[in-house]
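The chains referred to below are lettered A, B, ... by the order of the sequence lines, with proteins before strands, and numbering in each begins at 1. Keep in mind the model is a prediction, meaning the values are calculated, not measured.
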Number of protein chains: 2
Amino acid sequence: MAAQTAVQPRLTPAARKILDAAETLFYNRGITAVGVDLIARRAGVTKKTIYDRYGSKDALVAAYLRRRDERWRTWLPAEVERTAAGGTACDRILATFDALGTWMGGQSPRGCSFVNAAAELTDPGHAGRQVIADQKHWLRGYLRELCERAGAADPGLLADELLLIHEGATVLYGLSAVPDPVTVSRRLAEAALLRAGCTA
Amino acid sequence: MAAQTAVQPRLTPAARKILDAAETLFYNRGITAVGVDLIARRAGVTKKTIYDRYGSKDALVAAYLRRRDERWRTWLPAEVERTAAGGTACDRILATFDALGTWMGGQSPRGCSFVNAAAELTDPGHAGRQVIADQKHWLRGYLRELCERAGAADPGLLADELLLIHEGATVLYGLSAVPDPVTVSRRLAEAALLRAGCTA
DNA sequence: CGCCGAGTATACCGACCTGTTTAGTACACT
DNA sequence: AGTGTACTAAACAGGTCGGTATACTCGGCG
């Protein structure tokens, strides 16, 4: 269940350039709107190389999502430990929202790549959809563990609430519908923690 | 500012059929993935008629979003009045989340059409982006008015929080990442109302 | 040496893309 | 009777889509 992301290190130089170009293009212009010819041009690579390395556009899309997932999974806990070092579990939970703001402000102003991808990948059989589901499942698991450590009355339910706030903040950030979604989300999280009787 | 949606009633029969077909296809398969030929075929109409009525695909996309916006704006307050008749402003606020569940369960299992469209319409100059911004702005205004009537300490801030919860619930619903996002969102809204000192 | 993996370059496939054009029909209003 | 609107039918443009085929170069390795 977790071995699928471990194949990545063996990327040929061209395969890496392809993934780099695909990531920027898919995220900024949309998956369907970007053709493989353009990716090849941007990567300074032949279309044949793309198909030799990835087999199909759909597989490349899945690889793109997998890579972002991988990055997020290693970055988020590290960032939380860095900013909430020495703090309580509650501090850590709140730190995930600050981290979200940092993440979005730094490289992802167009919202969550997974939510955006889900909007385009309408075929339920697409390989990318599993990656999307896995990502949300992982985040919920991570939050749930923090909730347990924080002494929440019902950690699973609180994790659901926090996940919902995360998604809401990300969407509002991408739509620029509200000036500072991160602050709003932090306030909501605080209220949820309070209600769940978190002490730590 | 509000006159743009009033032009709609004068739709020729063919124009209506086109919009009907476009709505289903755009929502279920994605905007970029659907071509005008397919829309024409589904609507039982010639491609020429589409261009005679709407001028371009982009304009048709904008019309599609405008129509969904219109439907939502008339439906939501009516549904809230219906389900929270005789209740307080707080009841009305909570009723918007139940309404969201009804809306999604009934016709929109793939999440919010505006969020999905925003993921695809990457060009900031696209006519549809304004419709998306207007829709979120309207919902925030509607929630804000309810918050005022509910006696919130800071109605604007509470409206931001509720809007965030709405978006989060919609996204989670579309991703099927959580069994019952509507209930989760209602709980969160209750906590937010409590914290805002709502009395009505 | 011989072979193979990784890569380039280029041409091609059929299908589909947005959008236009020409030609003609049906109908309502004045 | 005449005019404009709404529509059908069908072909056509120029380009892009995902994907394949052919032919070649280069470096490393046994």
According to a strict under-4.0 Å criterion, is [X] in side-chain N/O contact with OP1 or OP2 of [N]?
X: B/R53; N: D/dT5; result: no
X: B/T12; N: D/dT5; result: no
X: B/T49; N: D/dA6; result: no

- request: Establish whether B/I165 and B/L94 are linked, either directly or via other cluster members, by ILVMFWY side-chain heavy-atom contacts under 4.5 Å.
  value: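 Yes, it is one cluster - the side chains of B/I165 and B/L94 are joined through contacts under 4.5 Å.
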- request: State plainly whether one hydrophobic cluster holds both A/V45 and A/L19, where clusters connect Ile, Leu, Val, Met, Phe, Trp and Tyr through side-chain heavy atoms under 4.5 angstrom apart.
  value: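 Both belong to a single hydrophobic cluster.
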Residues A/R29 and B/T122: side-chain donor-acceptor under 3.5 angstrom: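 B/T122 and A/R29 do not have a side-chain donor-acceptor pair below 3.5 Å.
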query: Do we see a donor-acceptor contact under 3.5 Å between the side chains of B/T49 and B/D52?
result: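 No, B/D52 and B/T49 have no side-chain donor paired with an acceptor closer than 3.5 Å.
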field: Integer-rounded Å distance: C/dA6 P and A/L11 CG
entry: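 Answer to the nearest Å: 12 Å.
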query: Roughly, in whole Å, what's the span from CG in B/D52 to P in C/dT25?
result: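 One finds 18 Å between P of C/dT25 and CG of B/D52, rounded.
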- prompt: Are the side chain of A/E79 and the backbone of A/A99 linked by a donor-acceptor contact shorter than 3.5 Å?
  reply: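 Side chain of A/E79 to backbone of A/A99: no pair is present.
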message: Quick check against the 3.5 Å criterion: does B/T88 have a side-chain atom that pairs as donor or acceptor with the backbone of B/C90?
response: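 A pair under 3.5 Å: yes.
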- prompt: Should the pair A/H166 and A/F97 be assigned to parallel (<30°), tilted (30 to 60°) or perpendicular (>60°) ring geometry?
  reply: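 Ring orientation of A/H166 relative to A/F97: tilted.
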- prompt: Taking the six-membered ring of B/F26, is NZ or CZ of B/R68 closer than 6.0 Å to its centre and within 45° of its axis?
  reply: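 Pair B/R68/B/F26 does not count as cation-pi.
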- request: If a protein heavy atom is under 4.0 Å from the base, mark B; if only from the sugar-phosphate, S; if neither, -; do that for nucleotides 15-30 of chain D going 5' to 3'.
  value: --SBBBBB--------
Between the first and last five pairs of the helix from C/dC1-D/dG30 to C/dT30-D/dA1, the angle of the axes, rounded to 10 degrees: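 The end axes of the helix from C/dC1-D/dG30 to C/dT30-D/dA1 are about 10° apart, to the nearest 10°.
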